[in-house]
Protein chains: 2
Amino acid sequence: MKNKRPSIRDIAKQLNVSTTTVSFVLNGKAKEKRISEQLAEQVLKFVEEVGYKPNQIAQSLRTGKSRIISLMVEDISNAFFSKVARLIEEAAHQRGYKIIYCSTENSVDKTRELIRMFRDWQIDGYIITPPAGVEEDIQGLINDKHPVVLFDRFFPRLKTNYVIVDNFNSTYKAVNHLISQGYSRIAFVTLESEQVQMNDRLNGYKKALEDCLLPPLVKSLNFDKPAEENKKEITSFLVNNRQLDAIVFATNYISVWGLEAIRDITFMSPADVGIVSFDDHDVFPLFAPPVSAVAQPVEEISKEVINIMLKQLEDPEQMNTNKHVVLPAKLIIRESSLKKKLA
Amino acid sequence: MKNKRPSIRDIAKQLNVSTTTVSFVLNGKAKEKRISEQLAEQVLKFVEEVGYKPNQIAQSLRTGKSRIISLMVEDISNAFFSKVARLIEEAAHQRGYKIIYCSTENSVDKTRELIRMFRDWQIDGYIITPPAGVEEDIQGLINDKHPVVLFDRFFPRLKTNYVIVDNFNSTYKAVNHLISQGYSRIAFVTLESEQVQMNDRLNGYKKALEDCLLPPLVKSLNFDKPAEENKKEITSFLVNNRQLDAIVFATNYISVWGLEAIRDITFMSPADVGIVSFDDHDVFPLFAPPVSAVAQPVEEISKEVINIMLKQLEDPEQMNTNKHVVLPAKLIIRESSLKKKLA
DNA sequence: GTGAAAGCGCTAACAA
DNA sequence: TTGTTAGCGCTTTCAC
């Protein structure tokens with residue numbers, strides 16, 4: 001039933017030329033190999049006619065290249081990552097590359113397994129938001145001359161390309177904004193994590209408070225625990241710290257957990273407490289009240305990431321230089337962080 | 001630099017056996033081919049030692065199988081699709097399959113191109129939320145005996161597997177709920193689309209109104225237009241139909257557009273109008289007011305889809321039967337659809 | 001200018 | 001019980 005696709009040999013046979021000739025023409029080497037224009041055209045025309053498409057698998061096996069880039073993000077269902085994924089895919093697609101996405105779920109094991117799988121597949125390049133603990137695997141990729149671009153986070157000790165936002169200063173500014181609005185008991189809800197981006201956010205928060213001689217108040221959650229549990233954690237944190245008057249959430253999903261927690265606490269209302277989320281979300285403007293956020297420049301991040309990747313892919317020379325891109329994030333002030341009437 | 005990975009031949013040479021033997025052992029055919037346990041074990045041990053991994057590309061070239069399933073959704077950055085994607089990926093992963101996701105953006109051309117690409121890659125199976133207009137391409141896949149599972153929508157004229165929710169009745173119930181809350185001028189905001197799921201939702205809406213002798217009021221948007229434009233469309237629709245007292249949005253992102261539109265209209269507030277969204281969203285509970293929604297059973301959908309796919313993949317007999325799964329959706333009533341104080 | 005042929009790493013029919 | 005070998009479809013060197 002499945003009528004086999006024509007192979008390069010079929011083409012060659014029909015045209016009474018050798019596969020070599022066909023291959024050269026197909027790969028645009030007709031000129032270089034001084035194949036007669038006439039023949040070249042004839043081949044092209046015939047190929048078009050029968051709708052011949054080279055077998056990518058065979059091509060990969062032969063060349064060791066796949067024109068596939070893997071994109072491993074923390075969680076594809078997170079708005080930030082899925083947006084970046086979309087944008088990167090689009091750009092890659094235009095340049096003739098395919099993107100394979102997948103989610104690491106911040107698990108070292110899963111990430112390792114995925115990297116191994118992609119190596120098996122002779123994937124051309126790796127775009128990764130690595131969980132803490134996979135330095136060695138990344139180093140392994142680099143050692144074996146695979147193009148790697150990290151984003152959202154990086155490993156300070158690793159010589160790699162990366163694209164991140166200025167987490168420290170963005171958080172610093174966000175906290176300062178809250179202070180300027182009259183808040184003084186500002187909490188920070190984040191993840192137990194050694195990832196630099198989370199650390200930088202935490203440090204930006206601490207520094208801002210320190211500069212104003214205010215005390216820090218930090219709650220750390222565990223990424224691996226189910227959302228429900230983390231919500232409960234936040235709830236009890238809030239209940240036990242009724243004096244706080246503002247909160248900075250370190251990611252958009254923590255913000256969502258936090259807001260749900262606040263909603264469920266009877267003596268507390270989101271209107272009573274200043275809120276800023278690190279990482280924006282399409283729907284934050286629709287919340288009650290609309291949530292202020294540190295917006296990461298999704299388009300620029302994607303553009304930088306894919307550009308660095310393609311440059312490496314297309315020019316092996318580039319493999320020797322590491323690009324470090326640090327982009328500014330933008331504080332978007334909505335109602336949630338403004339001075340409250342009560343305060 | 002890149003020290004080549006060992007090939008099956010290297011293994012064979014080191015062990016002084018033939019590649020066949022190694023291949024058989026590796027593929028679990030040792031028993032079947034009556035290779036001595038001793039030898040088999042020795043091979044396995046050595047393979048383990050040198051960390052040999054078969055070259056997937058070569059394997060695919062040879063077997064015509066890739067153990068990859070493609071998952072083409074409308075838009076990976078949409079909460080519904082990205083959630084399904086995550087769940088399907090997880091299940092597939094456990095069964096030794098990889099998932100390649102990508103977004104069709106509801107474009108016939110892009111979808112076609114993607115299908116073509118996946119065929120080149122000898123992808124084993126296709127999970128698709130097809131845009132209207134790709135019947136033939138899907139039919140082509142089926143003709144060539146590729147396992148296909150559609151979800152979220154399907155083509156009535158096509159003999160395929162599909163998993164959908166009961167769009168008609170779910171919408172019917174949602175509209176009825178609004179009516180029971182005292183609303184009578186209920187609008188429906190949807191997409192210009194020939195996709196069955198959108199049609200069913202529309203028809204469910206119409207039927208519910210008809211049964212109560214209420215007049216329908218439908219606004220159709222264009223998926224391909226930028227979000228901003230669609231928001232404006234909704235705004236002018238609302239402005240021109242001030243008499244309406246409730247709205248059903250046909251997808252979660254249309255709901256978001258609609259709510260943004262409402263927010264920006266001075267004489268209108270989301271508190272004044274009954275709202276139900278088809279398709280739930282994690283953050284709807286946090287909106288002002290919390291948005292009622294028809295929640296699709298994401299877990300079940302994913303489970304059904306991947307089960308059908310794996311069954312087909314593992315048992316070619318299954319290719320001859322088409323599974324049609326229609327799942328019930330659940331109306332989640334939040335504040336937005338309750339009787340208003342003003343009304 | 002063009003073609004023959006080796007070989008990428010693997011599987012499996014066939015031989016021994 | 002194990003080995004030999006012919007490809008899968010393609011690229012590319014070398015020979016003509």
Problem set entry | Nearest-angstrom distance from the residue atom CZ of A/Arg67 to P of D/dT11 | 13 Å
Problem set entry | B/Lys53 NZ - C/dG9 C1' separation (whole Å) | 16 Å
For this session: For B/Ile8 and D/dG7, give me the distance from atom CD1 to atom C1', rounded to whole Å.
Result: 15 Å
Exercise. Looking at C/dT2, D/dC10, D/dT2, which one has an atom nearest to any side-chain atom of B/Thr21?
Worked result: D/dT2
Problem set entry | Any N/O donor-acceptor pair, B/Arg62 side-chain to C/dG9 base, under 3.5 Å | no
Problem set entry | Nearest-angstrom distance from the residue atom CD1 of A/Ile11 to P of D/dC10 | 9 Å
Exercise. Mapping B/Pro54 and A/Ser36 to their closest nucleotides on DNA chain C, which lands nearer the 5' end?
Worked result: A/Ser36
For this session: Between D/dC10, C/dT11, C/dC8, spot the one nearest the side chain of B/Ser23, thanks.
Result: C/dT11
Seminar exercise, completed: To the nearest angstrom, the CG-C1' distance between A/Asn16 and C/dG1 comes to 16 Å
For this session: Check whether any side-chain heavy atom of A/Lys65 sits under 4.5 Å from a side-chain heavy atom of A/Gln122, and report yes or no.
Result: no
For this session: Flag this pair as yes if the NZ/CZ of A/Lys29 is under 6.0 angstrom from the six-membered ring centre of A/Phe24 and inside a 45 degree cone about the axis; otherwise no.
Result: no
For this session: Ignoring the backbone of B/Ser18, work out which of D/dG3, C/dG1, C/dA4 is nearest its side chain.
Result: D/dG3
Problem set entry | Length of the line joining B/Lys13:NZ and C/dC10:C1', which is rounded to integer Å | 15 Å
Problem set entry | Gap between atoms CG and C1', on B/Leu26 and C/dC10 respectively (whole Å) | 11 Å
Problem set entry | Residue A/Leu61, side-chain heavy atoms: nucleotide from D/dT11, C/dT11, C/dG9 that is nearest | C/dG9
Problem set entry | Check ion pair A/Lys303-A/Glu90 (N to O, under 4.0 angstrom) | no
Problem set entry | Contact under 4.0 Å: B/Gln59 side-chain N or O vs C/dG9 OP1/OP2 | no
For this session: Measure the distance from NZ on A/Lys65 to P on C/dG9 and round it to the nearest whole Å.
Result: 14 Å
For this session: Answer yes when A/Arg95 and A/Glu314 have at least one side-chain N-carboxylate O distance shorter than 4.0 Å, and no when they do not.
Result: yes
For this session: Kindly point out which of C/dG9, C/dT11, C/dC10 is positioned nearest to the side chain of B/Thr19?
Result: C/dT11
Problem set entry | Residue met sooner reading DNA chain D from 5', once B/Phe24 and B/Ala58 are mapped to nucleotides | B/Phe24
For this session: Please report the closest heavy-atom contact between A/Phe154 and A/Leu150, naming both atoms and the distance.
Result: CA-CD1, 3.9 Å
Exercise. Where each residue is assigned the nucleotide of DNA chain C containing its nearest heavy atom, which of B/Thr20 and B/Ile57 is assigned the position nearer the 5′ end?
Worked result: B/Ile57
For this session: Quick one: label A/Lys29 by what it contacts on the DNA or RNA (base, sugar-phosphate, nothing), any heavy atom closer than 4.0 Å.
Result: sugar-phosphate
For this session: Between D/dG9, D/dT11, C/dT2, spot the one nearest the side chain of A/Asn55, thanks.
Result: D/dG9
Exercise. So what does A/Lys33 hit on the nucleic acid, given a heavy-atom distance under 4.0 Å: a base, only sugar-phosphate, or nothing?
Worked result: base
Exercise. So do B/Arg119 and A/Lys53 actually touch side chain to side chain, heavy atoms under 4.5 Å?
Worked result: no
